[in-house]
Every structure is written in C-alpha cells, then in structure tokens.
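First the structure, in the form of structure tokens, and then the observations on it.
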Amino acid sequence: MNNVSLVGRLVSDPELKYVNEDKPFCKFRIAVSRNYRNKDGVIQTDFINIDMWGRKAETFCQYSTKGSLIAVEGSLEIRKYIDKNGENRYYTTIKASNFHFLGHKHSELNNSKLFNDEDLFDEVLNENISDLDELTEDQVPF
C-alpha cells in the first residue's frame, strides 16, 4: 500500500503546464511542519514536491496561491535519473490524487467567494486519473 496524506502551505504559486498540449500538469511544493521539536526546541519543516495531473491540476492552479493551506492525498514516487555528470540521482515526489483547500495565510481574503461552483468541484473530485498513468518518462516536463 502506498498512500500519503499531507497538510501544508504552498511555498510558491503553482504553475500549470500541458504535456503533449492536452494533458494538464501542475508541479508545486508544500511546507509541512514536523510534529516534534528538535534538541534546540525548533519545529523543523520539510519541503515536499507534489505532481498533479488532469482537471484537478487546472482547478488547483486556478484557485491556489503562495501561502494557501492545503491537504494533499496521493502516493509516493521515487524516480531515478542520470545527471549531466553521469551520476545516479533520485527525485522524490508525491503524485497527488486528491486535494482539499483548507485556508489561506492572509485571513483578510474571503476565499468563500471563489468556491461557489459545486458542479465543477464534484467533477474535479470524481475525476479518474488512471488514463494519465500511461505517460512515458519522455513526456514528463522535468
């Protein structure tokens, strides 16, 4: 079983790209605080890479900004590649299957005005991502 659930804040505005001009792809990073303090009393933060595909990626990019508090569900992926020096490298990411908007860093923003189209969100949340698993390594834009 490979399931990951994270809650964190967006480190920067997400960027939407299209693979083969028709497959929406969004790559972003969230800051997730650990649930304990180190020996100096500091709560450390991890910065987690997230990949999101399809209609969910389009919706996510449209309504989220740097500092947004989000929950992400997905699976852990570790990819191996060879860098320009011929060394083996690994890239770890979460392939998001679902997300939830939890809030924004700036409380003066009224996000409730943004999320009033229930049909759109039902369509996005019920999207089947199995057809997006057919991409080859050459089609991934990084």
Side-chain angles (χ1 to χ4, degrees), residues 1-38 40 42-142:
M1 183 181 311
N2 182 356
N3 294 318
V4 177
S5 297
L6 299 167
V7 174
R9 292 200 181 272
L10 283 173
V11 175
S12 60
D13 289 341
E15 184 178 335
L16 184 65
K17 297 181 181 182
Y18 289 87
V19 177
N20 295 336
E21 298 181 16
D22 65 341
K23 295 195 184 316
F25 173 74
C26 179
K27 183 177 182 176
F28 57 94
R29 184 176 291 174
I30 62 172
V32 178
S33 297
R34 296 185 184 179
N35 59 357
Y36 60 89
R37 296 181 187 275
N38 66 14
D40 299 323
V42 175
I43 297 175
Q44 293 181 309
T45 301
D46 294 306
F47 297 90
I48 313 291
N49 297 314
I50 313 284
D51 294 344
M52 188 178 297
W53 294 89
R55 180 90 169 131
K56 289 180 186 181
E58 291 176 318
T59 302
F60 183 82
C61 287
Q62 182 179 358
Y63 293 108
S64 58
T65 59
K66 177 180 178 178
S68 296
L69 183 64
I70 60 164
V72 175
E73 300 169 29
S75 58
L76 180 67
E77 287 190 351
I78 301 171
R79 296 186 187 112
K80 180 180 173 183
Y81 67 95
I82 299 174
D83 69 9
K84 61 184 176 184
N85 297 324
E87 300 289 325
N88 287 332
R89 298 288 180 189
Y90 295 90
Y91 177 77
T92 303
T93 188
I94 304 301
K95 182 178 180 184
S97 58
N98 204 359
F99 69 90
H100 302 278
F101 295 110
L102 302 177
H104 198 279
K105 185 175 181 179
H106 306 289
S107 60
E108 69 271 7
L109 293 177
N110 184 358
N111 289 339
S112 64
K113 292 179 182 177
L114 296 175
F115 311 118
N116 58 5
D117 189 343
E118 290 183 25
D119 292 334
L120 169 68
F121 283 97
D122 285 341
E123 176 187 333
V124 169
L125 293 176
N126 294 319
E127 176 187 39
N128 184 352
I129 63 168
S130 62
D131 63 325
L132 297 175
D133 293 334
E134 301 297 322
L135 295 175
T136 65
E137 291 273 336
D138 297 334
Q139 295 171 312
V140 179
F142 55 86

- request: Evaluate the side-chain proximity of Ile70 to Leu10: yes if any heavy-atom separation is below 4.5 Å, no if none is.
  value: yes
query: Do the side chain of Thr45 and the main chain of Ala31 share a donor and acceptor less than 3.5 angstrom apart?
result: no
message: For a 4.5 angstrom cut-off between non-hydrogen side-chain atoms, does Ile48 reach Ile94?
response: yes
- prompt: How close do Ile78 and Thr92 get, heavy atom to heavy atom, and via which atoms?
  reply: CG1-OG1, 3.9 Å
- prompt: So which heavy atom on Val32 is nearest to which on Gly8, and how close?
  reply: CG2-CA, 4.2 Å
query: Do the non-hydrogen side-chain atoms of Asn98 and Val72 ever get within less than 4.5 Å of each other?
result: no
- prompt: How would you list, by chain and number, every residue that makes a side chain to side chain donor-acceptor pair (under 3.5 Å) with Tyr36, sequence neighbours excluded?
  reply: Arg34
- line: Here the pair of heavy atoms bringing Cys61 nearest to Pro14 is SG-CB, 3.8 Å
message: So which atom in Ser5 and which in Glu73 form the shortest heavy-atom distance, rounded to 0.1 Å?
response: OG-CG, 4.1 Å
- request: Evaluate the side-chain proximity of Tyr91 to Glu77: yes if any heavy-atom separation is below 4.5 Å, no if none is.
  value: no
Residue pair Asn3 / Ser75, side-chain heavy-atom distance below 4.5 Å: no
query: Are the side chains of Asn88 and Lys80 in touch, meaning some heavy atoms are under 4.5 Å apart?
result: yes
- line: Residues at least two apart in sequence or cross-chain that pass salt bridge (Lys or Arg N to Asp or Glu O under 4.0 Å) with Asp83, listed by chain then number, are Arg89
For Thr59 against Phe101, the heavy-atom pair lying closest together: O-CZ, 4.4 Å
statement: Smallest heavy-atom separation, Lys66 atom then Asp13 atom, equals N-OD1, 2.6 Å
Ring centroid separation Phe60 to Phe28 under 6.0 Å: yes
query: Do Asp51 and Arg79 sit within salt-bridge range, that is, some charged N less than 4.0 Å from a carboxylate O?
result: yes
Pair Glu58, Tyr18: side-chain N/O donor-acceptor within cut-off below 3.5 Å: yes
